[in-house]
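Report on one structure; see the data block that follows.
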Amino acid sequence: MKGAISEQSQLSDAAMKAKLSGNLEENVRVLGTIFFGCEDVITHDFSVDGQRKAVTVYLKGMINTELLDRQVLSILKSADSSTFESLQVAREKLSVSDSRQIGTIEQFVREVMGASPVIMIDSLEGAIVVGLTQYDKRSIEEPQAESVVRGSRDGFIESMTVNTSLIRRRLRTPALKFVSFKVGRYSETTVRIGYIDGIAKPEVIAEVSDKISQIDIDGVPESATIEEWIEDDNYSPFPQLQSTERPDVASSALLEGRVVILTDNTPIVLIAPTTFWSLMQSSEDYYERFLIGTLIRWLRYLFFVVALLAPSVYVAILTFHHEMVPTTLLLRIAKSREEIPFPAWMEAFIMEITFEALREAGVRLPKQIGSAVSIVGALVIGQAAIQAGIVSAPMVMIVAITGISSFMLPQYSMSVSLRMLRFPIMILSAIVGLYGLIICVIVIISHLCILRSFGVPYLSPIAPITANGLKDTLIRAPLKKMKRRPAFFAKGDLIRNGRRSDDPT
């Protein structure tokens with residue numbers, strides 16, 4: 001059986017390189033070899049011109065068979081002999097707007113596997129592909145991971161066509177370009193990049209295209225595969241591409257001069273290049289008044305630090321630097337810990353690991369059960385752990401504040417990075433106190449300074465500093481004042497608004 005399968009594969013590889021001849025029986029024989037065992041591939045024989053044979057091949061359940069019968073097959077069956085003088089004439093008779101000719105077996109197989117019906121007619125070389133793809137897909141819904149109070153309620157779905165149209169609805173310009181790639185030897189997944197010609201940097205477009213075209217993998221289950229293959233530094237804990245389920249976020253990124261990467265069968269769209277500050281921003285920052293947007297942005301920065309360092313600061317101070325705590329507060333903390341058998345660092349590890357376990361359990365379980373597990377974990381287990389003398393109440397409070405702070409980050413990938421970095425910082429803080437914490441912070445900042453995302457410094461526009469970029473980083477300036485696009489993203493047309501003003505800045 002193994003030998004038979006190997007022989008079948010070799011025969012199929014050789015047949016893929018051949019051209020579609022005018023001999024219909026020979027073409028059907030070769031294709032029958034390639035599609036051997038594919039029970040979902042339907043081959044429908046019919047006659048045209050009263051005597052000539054024809055065949056249509058398609059994937060069952062992935063095309064609109066009603067339109068195929070009415071707009072294609074019925075027309076070909078009732079056409080006269082002049083229709084079949086050439087494949088071009090026959091194609092022009094069809095009542096479908098999306099049709100094209102192909103000439104090789106490889107193209108034939110690719111179109112059928114891509115859910116397009118293909119028609120061959122005896123004595124005519126080549127085949128006709130008609131765009132009648134139609135398969136089940138979920139409706140457009142509000143993104144679950146990027147919900148906003150004010151903003152659009154539509155989100156990307158698993159259909160590439162729908163996702164492209166959602167962006168096109170917001171950017172109705174021919175300058176918006178899309179280029180498609182096929183990635184995956186077996187999956188043949190469509191990966192499409194989008195950019196605005198005249199705004200996006202050509203070198204970024206070329207780098208993204210080159211990296212995607214060089215991906216050599218058997219399949220692409222999700223856009224995370226594309227992200228890992230094209231990011232600059234695989235060993236960095238920080239994400240180097242922004243991900244989103246929101247068409248408004250993708251459209252705004254395109255207007256900034258960035259490139260979006262859509263992957264078929266996933267609602268997650270990647271945005272490149274990205275910076276640390278882009279990952280800290282939410283679409284709602286721009287939908288509220290600029291003062292509110294600035295306030296929320298600073299709260300996010302503050303609690304980013306809290307989420308990263310709070311447990312480490314607690315461990316370091318209680319272990320090495322008691323003098324930094326007011327005496328009254330220190331006595332209260334000491335009293336709460338007098339029955340705890342573990343040192344502060346072990347207490348922190350127990351609580352952090354328990355918290356991470358509860359969070360993972362809440363995410364993996366069904367929604368109805370997941371919320372209950374989170375509540376039980378937070379209230380019941382936390383209180384029981386205090387009463388049992390395993391952890392102290394201040395430590396439970398520190399871990400709770402840390403968890404809530406991490407939820408404030410709009411990008412899930414960034415919060416995951418914080419969760420990972422928190423543990424080595426706690427270890428060094430438990431060994432050498434605040435000195436270890438400071439060393440970790442210096443190492444992290446140094447790493448961020450040298451990190452690049454498609455040639456753009458990760459800390460832009462802070463390092464290197466760009467005055468114009470600060471209007472949308474430390475603060476969210478009024479839209480009228482943000483006249484120019486970020487120079488580290490865009491190239492060419494840098495004027496975003498205020499073209500009527502004499503002031504070019």
Side-chain angles (χ1 to χ4, degrees), residues 142-156 166-167 170-171 196 199 238-260 268-308 404-418 448 453 456-463 465-490 494 496-498:
E142 183 177 3
Q144 298 295 320
E146 292 180 88
S147 58
V148 295
V149 177
R150 181 173 181 174
S152 59
R153 296 291 186 261
D154 56 344
F156 291 125
L166 289 174
I167 297 176
R170 289 167 167 82
L171 300 173
I196 296 181
I199 297 179
F238 293 96
Q240 294 144 58
L241 285 95
Q242 184 178 344
S243 59
T244 183
E245 292 182 66
R246 299 187 61 85
D248 55 339
V249 173
S251 304
S252 299
L254 287 166
L255 290 173
E256 287 184 333
R258 295 198 273 172
V259 177
V260 298
I268 305 299
V269 171
L270 304 174
I271 300 173
T274 192
T275 66
F276 174 83
W277 310 104
S278 300
L279 298 171
M280 298 291 290
Q281 297 170 2
S282 167
S283 59
E284 207 167 8
D285 294 355
Y286 304 92
Y287 302 154
E288 299 290 348
R289 298 184 64 79
F290 77 95
L291 290 175
I292 303 299
T294 302
L295 174 64
I296 294 175
R297 192 169 288 184
W298 273 101
L299 279 176
R300 213 172 285 139
Y301 295 155
L302 171 64
F303 282 95
F304 171 86
V305 177
V306 172
L308 181 64
I404 293 172
S405 302
S406 64
F407 292 145
M408 290 188 66
L409 301 180
Q411 282 286 315
Y412 177 75
S413 53
M414 181 60 87
S415 65
V416 172
S417 301
L418 289 188
L448 292 176
S453 174
V456 176
Y458 201 62
L459 288 181
S460 296
I462 302 294
I465 192 164
T466 306
N468 182 58
L470 297 179
K471 294 179 180 178
D472 194 23
T473 304
L474 297 181
I475 61 171
R476 204 286 270 171
L479 295 177
K480 290 181 180 178
K481 299 296 181 183
M482 291 193 289
K483 295 181 179 180
R484 299 176 69 85
R485 306 180 207 282
F488 44 90
F489 286 149
L494 293 179
R496 181 149 51 184
N497 60 52

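Only heavy atoms go into these numbers, but all of them, side chains included; no hydrogens, no water, no symmetry mates. Computed from a predicted structure; not experimentally measured.
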Review point. Is the side chain of R258 donor-acceptor paired with the backbone N or O of P273 at a distance under 3.5 Å, no angle test?
Key: yes

Study note, to complete from the structure: Looking only at heavy atoms, the pair that brings D154 and P247 closest together is O-CD, 3.3 Å

Point to revise | Donor-acceptor under 3.5 Å (T473 side chain, G469 main chain) | key: yes

Check your understanding: Distance from T294 atom OG1 to L299 atom CG, nearest 0.5 Å?
Key -> 11.0 Å

Point to revise | Spacing of CG belonging to L474 relative to CH2 belonging to W298, to within rounding of 0.5 Å | key: 5.0 Å

**Study point:** Heavy-atom closest pair, residues V149 and R153
**Key:** O-NH2, 3.0 Å

Point to revise | Donor-acceptor pair, side chain of R246 and main chain of S152, under 3.5 angstrom | key: yes

Exercise for review: Measure from the side-chain N and O atoms of Q242 to the backbone N and O of Q411, and report whether any donor-acceptor pair falls under 3.5 Å.
Suggested key: no

Point to revise | Approximate separation, where rounding is to 0.5 Å, of L291 CG and I475 CD1 | key: 9.5 Å

Check your understanding: Going from CZ on F303 to CG on L308, what distance comes out if it is rounded to the nearest 0.5 angstrom?
Key -> 14.5 Å

Point to revise | Steps toward side-chain contact (heavy atoms from CB on, under 4.5 Å) verdict (M414, F276) | key: CA-CA 9 Å; M414 181 60 87; F276 174 83; 3.7 Å; yes

Review point. Going through the distances and angles, do I462 and T275 end up as a side-chain contact (heavy atoms from CB on, under 4.5 Å)?
Key: CA-CA 10 Å; I462 302 294; T275 66; over 6 Å; no

Point to revise | Gap between atom OG of S413 and atom CG of L241 - 0.5 Å precision | key: 9.5 Å

Study note, to complete from the structure: Per side-chain contact (heavy atoms from CB on, under 4.5 Å), I271 is matched among L254, T244, V259 by T244

Review point. Between S406 and A307, which heavy-atom pair has the shortest distance, and what is it?
Key: N-CB, 3.8 Å

Exercise for review: Please confirm whether the backbone N or O of I296 pairs with a side-chain atom of D285, one donor and one acceptor, at under 3.5 Å?
Suggested key: no

Exercise for review: Could you tell me whether the side chain of S453 and the main chain of T274 form a donor-acceptor pair under 3.5 Å?
Suggested key: yes

Practice item. Compute both the distance and the angle, then confirm whether R476 meets the cation-pi test with Y287: under 6.0 Å from the six-membered ring centre, within 45 degrees of the axis. Key: no

Review point. Taking the side chain from N497 and the backbone from L479, do they hold a donor-acceptor pair closer than 3.5 Å?
Key: yes

Review point. Could you give the distance from CZ (R297) to CD (Q281), rounded to the nearest 0.5 Å?
Key: 4.0 Å

Review point. Considering only heavy atoms from C-beta outward, does the side chain of S417 approach that of P239 to under 4.5 Å?
Key: yes

Study note, to complete from the structure: The side chain to side chain donor-acceptor pair (under 3.5 Å) partners of S282 (sequence neighbours excluded) come to none

Check your understanding: Taking the side chain from E146 and the backbone from E245, do they hold a donor-acceptor pair closer than 3.5 Å?
Key -> yes

Check your understanding: Any donor and acceptor pair, going by atom type alone, linking the side chain of R496 with main-chain N or O of L494 inside 3.5 Å?
Key -> no

**Study point:** Identified ring-ring contact (aromatic ring centres under 6.0 Å, His included) partner of W277 from the options Y458, F489, Y301
**Key:** Y301

**Study point:** Worked verdict on L409 versus M280 for side-chain contact (heavy atoms from CB on, under 4.5 Å)
**Key:** CA-CA 6 Å; L409 301 180; M280 298 291 290; 3.8 Å; yes

**Study point:** Salt bridge present between R484 and D472 (N-O < 4.0 angstrom)
**Key:** no

Check your understanding: Between V269 and V249, is any pair of side-chain heavy atoms under 4.5 Å apart?
Key -> no

Review point. Considering all heavy atoms of both residues, which atom of I199 and which atom of E256 are nearest to each other, and what is their separation?
Key: CG2-C, 4.3 Å

Check your understanding: Can you tell me if K471 uses its side chain to pair, donor with acceptor, with the backbone of K481 under 3.5 Å?
Key -> yes

Point to revise | Considering all heavy atoms, the nearest G155-L166 contact | key: O-CD1, 3.6 Å

